[in-house]
Amino acid sequence: MTVRVRFAPSPTGYLHIGGARTALYSYLFAKAHGGQYILRVEDTDLERSKREYEEAQIGDLKWLGINHDEGPDVGGNLGPYRQSERMQMYKDIAWDFVERGLAYPCFLTMKELEKLTEKANAEKKAPHTYHGKYRDFDLSEAKKRIEAGEEHVIRFKNPGKKWTFNDLVRGEVTFPEDMVGDFVILRANGMPVYNFCCVIDDHKMGMTHVFRADEHLNNTCRQLQIYEALGVTGEDLPKFGHVSLLIGSDRQKLSKRHGATSATQYKEEGYLPQALTNYLCLLGWSHPDETDIFDVNELGSTFNYDRFSKSPAMYDINKLKFFNEQWLRKLSDAEIAEGFSKFIPETSEYHKMTSEWKERFAALMKEKVQLFSDVNEFLPIFFDSGVDEDDQYKDAISWETTPQIQLYLSGELASVEGDFITEEKVGEWMTYLKKEMKIKGKQLFMGLRVSLTGRAHGPDLKTVVALTPKSIIAKRLGL
RNA sequence: GCUCCCAUCGUCUAGCCUGGUCUAGGACACCGCCUUUUCACGGCGGUAACAGGGGUUCGAAUCCCCUUGGGAGUACCA
């Protein structure tokens with residue numbers, strides 16, 4: 001049997017980092033087994049679902065390299081892949097359940113429901129205790145009231161059984177009879193509800209495995225009931241794998257208030273997709289060889305559910321940055337130069353440089369940054385004639401040898417042709433200062449550095465000088 | 001409240017299933033040293049964990065029970 005897994009986001013916002021992780025796991029699992037990975041859009045919440053979010057999420061998934069075989073944008077044999085386009089089917093099934101006595105119309109209004117919930121709370125009973133008021137209401141009578149236009153929902157009749165299933169990551173899980181009540185499957189506005197559509201679609205779309213976050217574990221109890229009503233039991237049921245949750249530094253479920261939680265933000269901030277997938281993959285899953293830097297696409301059959309961890313994983317942006325740094329260094333100088341270009345403000349002189357200059361610059365800077373945008377901190381060294389007066393700078397500038405160096409440099413600079421100084425030229429200056437002017441050691445190197453770069457720290461001196469426009473250096477020397 | 005789930009360094013985790021090789025390994029972060037006449041990179045080293053209590057056993061991080069702690073769910077959201 002071919003493995004079929006899906007990722008089913010609801011387009012109510014941008015792709016969440018946790019969603020990206022479950023999508024990645026599903027995708028990786030399909031790949032590991034030569035199966036198919038499907039994208040299904042769960043847009044039954046009319047109020048919050050937006051097409052632009054759907055597009056954004058698909059875009060982000062593609063950016064991460066998580067490509068689906070079937071989906072609303074690419075089609076497939078078992079579509080449509082957008083739940084809003086499958087409405088009639090859900091309604092038909094819901095009413096079929098009603099006819100078969102597995103579900104029933106319920107006329108409880110929101111206000112009544114609120115009161116019942118209060119009552120249940122006061123009695124310390126589960127809120128769903130009283131949801132079954134219309135459970136045994138006469139169906140023909142109910143239909144009359146519906147025809148008369150009375151607002152109603154369809155509730156599923158909980159058969160009151162214990163449910164057990166074998167979770168791929170958690171092992172055997174059992175839910176008691178009264179875990180849930182008679183839950184709604186069709187809302188008053190006619191829209192079906194998540195637990196209902198999800199099951200119908202997973203079944204109709206031939207899913208063999210379902211990976212989702214731990215927060216859905218309890219939903220499995222409701223879903224198992226729907227499956228049974230659909231006649232799907234035992235081996236025909238998909239295998240479920242509930243992956244641990246991603247949490248923030250306060251150990252709560254990761255959400256917006258924890259900072260950047262959408263894939264879009266990371267894309268915009270210049271993170272590399274390989275780094276993000278690499279990091280996400282390791283948050284709750286471990287590589288059998290204990291390797292940590294790897295290309296998720298090369299995992300192949302190494303990826304399996306027996307290495308999922310059960311406890312929640314804290315999301316740590318510092319570690320993500322480390323992964324980004326590692327992946328950035330694997331890039332060619334030309335690719336890094338291109339990356340830098342995107343994150344350096346348009347007004348910067350950087351953009352006026354030749355591509356050869358940019359590649360040399362990239363080669364020099366790649367050891368210094370974790371993110372492309374970090375390069376901006378270093379730009380003043382090359383394009384701003386101002387100085388950075390920290391203690392070490394002040395110290396070096398106060399040595400009596402430094403003005404001598406500057407005087408010599410000022411004279412030499414005039415004889416340099418072209419817009420840049422070569423590394424060889426800097427070498428010649430050093431030799432002269434050492435041999436003829438007897439300046440050596442720290443006095444020589446730091447004196448040169450502060451005079452030429454305007455600061456006590458920076459990348460390799462000769463390279464920096466060779467990449468800095470002569471005019472900037474001239475200004476630093478007061479010319 | 002009730003239900004379900006979880007529990008190894010600050011963090012991500014290996015080890016647990018198939019008890020001994022674990023004075024618990026790796027990675028991030030942190031600290032130190034080396035390298036670099038700057039800063040980084042790199043190399044080497046260090047601090048740091050089996051939640052607690054009972055069992056079972058010759059022996060428990062590993063198996064069982066309890067306690068405690070944490071999380072999720074308890075919707076006409078997904």
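Every chain is numbered from 1 and lettered A, B, ... according to where its sequence line falls, protein lines coming before strand lines. All heavy atoms count here, side chains included; hydrogens, waters and symmetry mates do not.
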Practice problem: Grab the CG-P distance between A/Leu364 and B/C41 for me, whole Å please. | Solution: 14 Å
Self-check item: Over all atoms of both residues, closest heavy-atom pair of A/Glu177 and A/Asn158
Solution: O-ND2, 3.7 Å
Quiz item: Atom CD of A/Gln370 to atom C1' of B/C28: distance rounded to whole Å?
Solution: 11 Å
Quiz item: Is there side-chain contact between A/Asp395 and A/Met446, with heavy atoms separated by less than 4.5 Å?
Solution: no
Self-check item: Polar pair under 3.5 Å, donor/acceptor by atom type, side chain A/Asn219, base B/A78
Solution: yes
Exercise. Look at all strands and tell whether A/Leu46 reaches a base, only sugar-phosphate, or nothing, counting heavy atoms closer than 4.0 Å.
Key: nothing
Exercise. Using the P atom on both, measure B/C50 against B/C76 and round to a whole Å.
Key: 45 Å
Quiz item: Whom does B/A40 pair with, Watson-Crick or G-U wobble, provided both distances fall under 3.5 Å?
Solution: none
Quiz prompt | A/Ser309 side-chain N/O to B/U13 phosphate OP1/OP2 under 4.0 Å | solution = yes
Quiz item: When the distance from CD of A/Glu112 to P of B/A75 is rounded to whole Å, what number comes out?
Solution: 17 Å
Self-check item: Upstream residue (5' side of RNA chain B) when A/Phe445 and A/Met110 are each assigned their closest nucleotide
Solution: A/Phe445
Quiz item: Among all residues two or more places apart in sequence or in another chain, which pass the side chain to side chain contact (heavy atoms under 4.5 Å, CB included) test with A/Gln443?
Solution: A/Trp399, A/Thr401, A/Ile439
Practice problem: Please work out if A/Asp460 contacts a base, only the sugar-phosphate, or nothing of the nucleic acid, heavy-atom cut-off 4.0 Å. | Solution: base
Practice problem: Could you check which nucleotide pairs with B/G45 in any of the strands shown, counting Watson-Crick or G-U wobble with both distances under 3.5 Å? | Solution: B/C31
Exercise. Would you classify A/Pro288 as touching base, sugar-phosphate or nothing, given that sugar-phosphate means primed atoms plus P, OP1 and OP2, and contacts are heavy atoms under 4.0 Å?
Key: nothing
Quiz item: When all nucleic acid strands are considered with a 4.0 Å heavy-atom cut-off, which category describes A/Ala188: base, sugar-phosphate, or nothing?
Solution: base
Self-check item: Nearest-nucleotide comparison on RNA chain B, the residue closer to the 5′ end among A/Met446 and A/Asn318
Solution: A/Asn318
Practice problem: Considering just the side-chain nitrogens and oxygens of A/Arg307, establish if one lies under 4.0 Å of OP1 or OP2 belonging to B/G15. | Solution: yes
Quiz prompt | Gap in Å between the two C1' atoms, one belonging to B/C63 and one to B/G71, rounded | solution = 25 Å
Exercise. Using a heavy-atom cut-off of under 4.0 Å over every strand shown, decide if A/Arg449 touches base, sugar-phosphate, or nothing.
Key: base
Practice problem: Tell me what A/Phe322 touches on the nucleic acid: a base, only sugar-phosphate, or nothing, going by heavy atoms under 4.0 Å. | Solution: sugar-phosphate
Quiz item: What's the closest nucleotide to the A/Ser286 side chain, out of B/U13, B/A78, B/A75?
Solution: B/U13
Quiz item: To the side chain of A/Lys310, which of B/C6, B/C5, B/A75 is closest?
Solution: B/C6
Self-check item: Side-chain H-bond candidate by donor/acceptor type, A/Thr174 with A/Thr164, under 3.5 Å
Solution: yes
Quiz item: Should we count CD of A/Glu52 as having more than 12 external heavy atoms under 6.0 Å?
Solution: yes
Quiz item: With respect to the phosphate group of B/A78, does any side-chain polar atom (N or O) of A/Thr44 fall under 4.0 Å of OP1 or OP2?
Solution: yes
Quiz item: With a 4.0 Å cut-off on heavy atoms, is A/Thr174 in touch with a base, just the backbone sugar-phosphate, or nothing at all?
Solution: sugar-phosphate
Quiz item: Which nucleotide, in any strand shown, forms a Watson-Crick or G-U wobble pair with B/C4, with both distances under 3.5 Å?
Solution: B/G71
Quiz item: For atom P, what is the distance between B/G1 and B/U62, given to the nearest Å?
Solution: 29 Å
Quiz item: Using a distance-only test with no angle check, is there a side-chain donor-acceptor pair under 3.5 angstrom linking A/His242 and A/Asp167?
Solution: yes
Self-check item: Rounded C1' spacing from B/A27 to B/A14 in Å
Solution: 11 Å
Quiz item: How would you label the contact of A/Leu113 with the nucleic acid (heavy atoms, under 4.0 Å): base, sugar-phosphate, or nothing?
Solution: base
Exercise. For A/Asp374 and A/Leu371, indicate whether the former's side chain and the latter's backbone hold a donor-acceptor pair under 3.5 Å.
Key: yes
Quiz item: What is the distance, rounded to the nearest whole Å, between atom CD of A/Glu367 and atom C1' of B/U36?
Solution: 13 Å
Exercise. Evaluate the ring planes of A/Tyr305 and A/Phe29, with Trp represented by its six-membered ring, and classify them as parallel (under 30°), tilted (30 to 60°) or perpendicular (over 60°).
Key: tilted
Quiz item: Has A/Lys161 got its NZ or CZ under 6.0 Å from the middle of the six-membered ring of A/Trp163, at an angle within 45 degrees of the ring axis?
Solution: yes
Quiz item: With a 4.0 Å cut-off on heavy atoms, is A/Lys321 in touch with a base, just the backbone sugar-phosphate, or nothing at all?
Solution: nothing
Practice problem: Provide, to the nearest angstrom, the distance between the CE atom belonging to A/Met365 and the P atom belonging to B/A40. | Solution: 14 Å
Quiz item: B/C6, B/U38, B/A78: which one has an atom nearest the side-chain heavy atoms of A/His457?
Solution: B/U38
Exercise. Check the distance between B/C12's C1' and A/Lys319's NZ and give it to me in whole angstrom.
Key: 4 Å
Self-check item: Under 3.5 Å on both distances, the Watson-Crick or G-U partner of B/A61
Solution: none
Quiz item: Picking from B/C12, B/A78, B/A72, which would you name as closest to the side chain of A/Leu283?
Solution: B/C12
Self-check item: Touch class at under 4.0 angstrom, heavy-atom based, for A/Lys442 against every strand present
Solution: base
Exercise. Answer with base, sugar-phosphate or nothing: what part of the nucleic acid does A/Gly181 contact at a heavy-atom distance below 4.0 Å?
Key: nothing
Quiz item: On a whole-Å scale, what distance lies between the C1' atoms belonging to B/A61 and B/C34?
Solution: 36 Å
Practice problem: Would you mind reading off the distance between A/Asp202 atom CG and B/A78 atom P, rounded to a whole angstrom? | Solution: 14 Å
Exercise. Quote, to the nearest angstrom, the C1' distance that separates B/G20 from B/U56.
Key: 16 Å
Quiz item: Between B/U11 and A/Arg251, is there an OP1 or OP2 to side-chain N/O distance shorter than 4.0 Å?
Solution: yes
Quiz prompt | Distance, P atom - from B/A60 to B/A75, rounded to whole angstrom | solution = 46 Å
Quiz item: How would you label the contact of A/Val173 with the nucleic acid (heavy atoms, under 4.0 Å): base, sugar-phosphate, or nothing?
Solution: sugar-phosphate
Quiz item: Within the side chain of A/Arg21, is there an N or O that forms a donor-acceptor pair under 3.5 Å with the backbone of A/Leu283?
Solution: yes
Quiz prompt | Candidates B/C76, B/A75, B/U3 - which lies nearest the side chain of A/Pro176 | solution = B/U3
Quiz item: Phosphate oxygens OP1/OP2 of B/G71: is one of them under 4.0 Å from a side-chain N or O of A/Gln252?
Solution: yes
Quiz item: Reckon A/Glu290 touches a base, only the sugar-phosphate, or nothing at all at heavy-atom distances under 4.0 Å?
Solution: base
Exercise. For B/G46 versus B/A29, give the span between their C1' atoms, rounded off to a whole number of Å.
Key: 14 Å
Exercise. Indicate, with a heavy-atom threshold strictly under 4.0 Å, whether A/Arg329 touches base, sugar-phosphate, or nothing.
Key: sugar-phosphate
Exercise. Write down the partner of B/A24 under the Watson-Crick or G-U wobble criteria, each distance required to be under 3.5 Å.
Key: none
Quiz item: Expressed in angstrom and rounded to an integer, what is the separation of A/Ile293 atom CD1 from B/U13 atom C1'?
Solution: 14 Å
